[in-house]
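For reference, the structure discussed in these notes is given below.
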2 protein chains.
Amino acid sequence: MGVLARKEREKLELRNQILEAATELFLKEGFDKTSIRSIAEKIEYSPATIYLYFKDKNEIFRAIHDKGFDMFFAKLSESQKIENPYMRLRRMGDLYLEFAFEHREFYDLMFVMRAPIEARNENGNIDWVCGMRSFKLLQDTIVECMEKGYMRKMDLDVAAVTISSLMHGMASLYIRERLVMYDQNILPYLFRDAMDNLMQVFKANPMTSSFTEN
Amino acid sequence: MGVLARKEREKLELRNQILEAATELFLKEGFDKTSIRSIAEKIEYSPATIYLYFKDKNEIFRAIHDKGFDMFFAKLSESQKIENPYMRLRRMGDLYLEFAFEHREFYDLMFVMRAPIEARNENGNIDWVCGMRSFKLLQDTIVECMEKGYMRKMDLDVAAVTISSLMHGMASLYIRERLVMYDQNILPYLFRDAMDNLMQVFKANPMTSSFTEN
DNA sequence: AAATTTACTGAACAGTGTTTATAAAAACAA
DNA sequence: TTGTTTTTATAAACACTGTTCAGTAAATTT
C-alpha cells in the first residue's frame, strides 16, 4: 500500500508548509498580522484549505509554540556539559535570557500569549509535555545541587517556582516593554546581577549555615 | 461664561461614561470582546462618537490602564503604616500579589498587554508617570532598608529589578496559566515562600557579613 | 433671523476567523 | 475502461472587527 503512505506524506507536507509560512509571517509581522488569509496566500492555497489541517488559528500557534519549546529545551541543554550542578544552574539562567532576547516572539508565544493555551483547553486533556521537559531539567538540576551539597536543602517546588518566576519576570517585563525607564543596554547587566543575587539565596554555606538557618 | 463650563463638564461626563462602559465590558468579557461597537451600544451612542473622545481603542485602554495603576498604588500604600521598612517591604510583596489575584484583568492590562503601551508611543513622549509612582515606592523602601541597616548595601536598580521581576514573574505566570502543573490552591503558599527566600538575599546579617560579603 | 460652531451618526472600507455547499481530482471496484 | 466512492480544495458567505468621513441636526453666537 505505497499509495496510502504517499498520501500520508503529502498530507504532512502541506501541514508543514502551513506551519512554515505561519512561522515566517509570525516572526516578521507578529501574531495579529498573521491572518489565515495571509498564510493561505503565502502557500498559494485557499484560506478554507488551512482548516483541513488545523482546527483553528490557535491550533496553528499551538504547534509553533511546541516547536519553540523544542528550541528552548535544546538551548537549555547546552548547559548539560557542565559537570558542577551549581555552575550548570547558573549557566541555565544565562541561556534562558539568551533565548528570550534572541527569540522574543517565540518566548512571548510560549510564556505570555493566550492563543496556544486556548488551543489545548478545547482538546480536553491539558497535555503539558513540551514545556515540562525544560521545567524538569531545572528541577533535576536543583535536586542534584541539593544532593551534592551545593545548595541548602529546601522544598523543590519553592526553589523551582522562585527561579522560574525571576527568570520569566525579567524576560517578560523586558519583552513587553515594562522596563523602558532603564537604558535598555544595561538591562543584561542588571539581570545578571539579579541572577547572581538569587543564586546566593540557595547557596549552602557551611561556615554560616548555623547562623542563617533560622 | 457658565455655558462653556457646562459644555466642558458634559464633554468630560461622556468621556467618563465611555470609560466606565469600557471598563465594565473589559472586566466581564475581556479585551477582545470589548469592541467599540459594544461600548457604543452600552452608552447608547453611535460607534463613531467614541472617536470624538478617544483617538483609538488603545487610548481607551491606556486610560483604564492608568486607573488600574491608581488602584495599584493605593493598594501598595496600605503598607506605609508599617514603621519597619524591612517588614514594610515584605508586606508590599503580599499586597502586590493580592492585587494581582483580585484584579487579574487590571494586572494583565497594566503589566502584560500591548494595547496601553502602543497608545503612548504614538503620543510621542513616553509619559511613564503612573507606573513610576508605585515603582518609586519600592525604590524608596529599599533605600530606607539599606540606610537603616535592615538590608545590605547594594545597587538600588539591581535590588528593585530583582524584586519587581520575581513579583511579576509569579503574578504573570499564574494569570497567563503557565503554572497549571501545580495545584492552583497551593500557589499562594509557594509564592509566599519564594518572597521569604528572596528577602533573605537582601538581609543584612552582621554576624555572617564578613563571610558572605565577597 | 442668519451664520457659525459643535456634536453626532449612517454608511462604508478594508480587514478578521470560520463554515458550508459545491466542485474537482484521485483512488478504488467491477 | 467504466462507474462509484473517497479525498481534497475552494468560492462564497456569515458575522464580526477598528476606523474614517460625508452629511445632518442641534446649540451657540453674531
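Heavy atoms only: backbone and side chains are in, while hydrogens, waters and symmetry mates are out. Numbered from 1 within each chain, the chains take letters A, B, ... in sequence-line order.
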>> Heavy-atom nearest nucleotide on DNA chain C for B:Ile50 versus A:Ala48: which residue maps closer to 5'?
In response: B:Ile50

> Counting any heavy atom closer than 4.0 Å, what does B:Thr34 reach on the DNA or RNA strands: base, sugar-phosphate only, or nothing?
Replying inline: sugar-phosphate

>> If I compare all heavy atoms of B:Ile175 with all of A:Arg114, which pair ends up nearest, and what's the gap?
In response: O-NH2, 3.3 Å

> B:Ile36 has an atom CD1; how far is it from atom P of C:dA14, in whole Å?
Replying inline: 20 Å

>> Just the rounded figure in Å: distance from P of C:dA7 to CD of B:Gln17.
In response: 15 Å

>> Categorize B:Leu14 for me: base, sugar-phosphate, or nothing, with a 4.0 angstrom heavy-atom threshold over every strand shown.
In response: sugar-phosphate

>> Between P on C:dA14 and NZ on A:Lys33, what's the gap in Å once rounded to a whole number?
In response: 17 Å

>> Does a side-chain N or O of B:Thr49 approach OP1 or OP2 of C:dT9 to a distance below 4.0 Å, or not?
In response: yes

> Which one, C:dT18, C:dT20, D:dG18, comes nearest to the side chain of A:Arg37?
Replying inline: C:dT18

> To the nearest Å, how far apart are A:Glu13 CD and D:dA9 P?
Replying inline: 12 Å

> Taking the side chain of A:Ser35 as its heavy atoms from C-beta onward, which of D:dT10, C:dG17, C:dG10 lies nearest to it?
Replying inline: C:dG17

> Atom CD1 of A:Ile18 to atom C1' of D:dA9: distance rounded to whole Å?
Replying inline: 12 Å

> For B:Tyr51 and D:dG18, is the shortest distance between a side-chain N/O and OP1 or OP2 below 4.0 Å?
Replying inline: no

> To the nearest Å, how far apart are A:Lys57 NZ and C:dT19 P?
Replying inline: 15 Å

> Are the aromatic ring centres of A:Phe106 and A:Phe69 under 6.0 angstrom apart?
Replying inline: no

> How close or far is atom C1' of D:dT6 from atom CG of A:Leu52, stated in whole angstroms?
Replying inline: 14 Å

>> Can you confirm if the aromatic rings of A:Phe99 and A:Phe73 lie within a centre distance of less than 6.0 Å?
In response: no

> To the nearest angstrom, how far is B:Glu44 atom CD from C:dC8 atom P?
Replying inline: 14 Å

> Under a 4.5 Å cut-off applied to non-hydrogen side-chain atoms, are A:Ile142 and A:Ile163 in contact?
Replying inline: yes

> Which residue pairs pass the salt bridge (Lys or Arg N to Asp or Glu O under 4.0 Å) test with at least one member in residues 180-199 of chain A, sequence neighbours excluded?
Replying inline: A:Arg90-A:Asp196

>> Please classify the nucleic acid contact of B:Tyr53 as base, sugar-phosphate, or nothing, using heavy-atom distances under 4.0 Å.
In response: sugar-phosphate

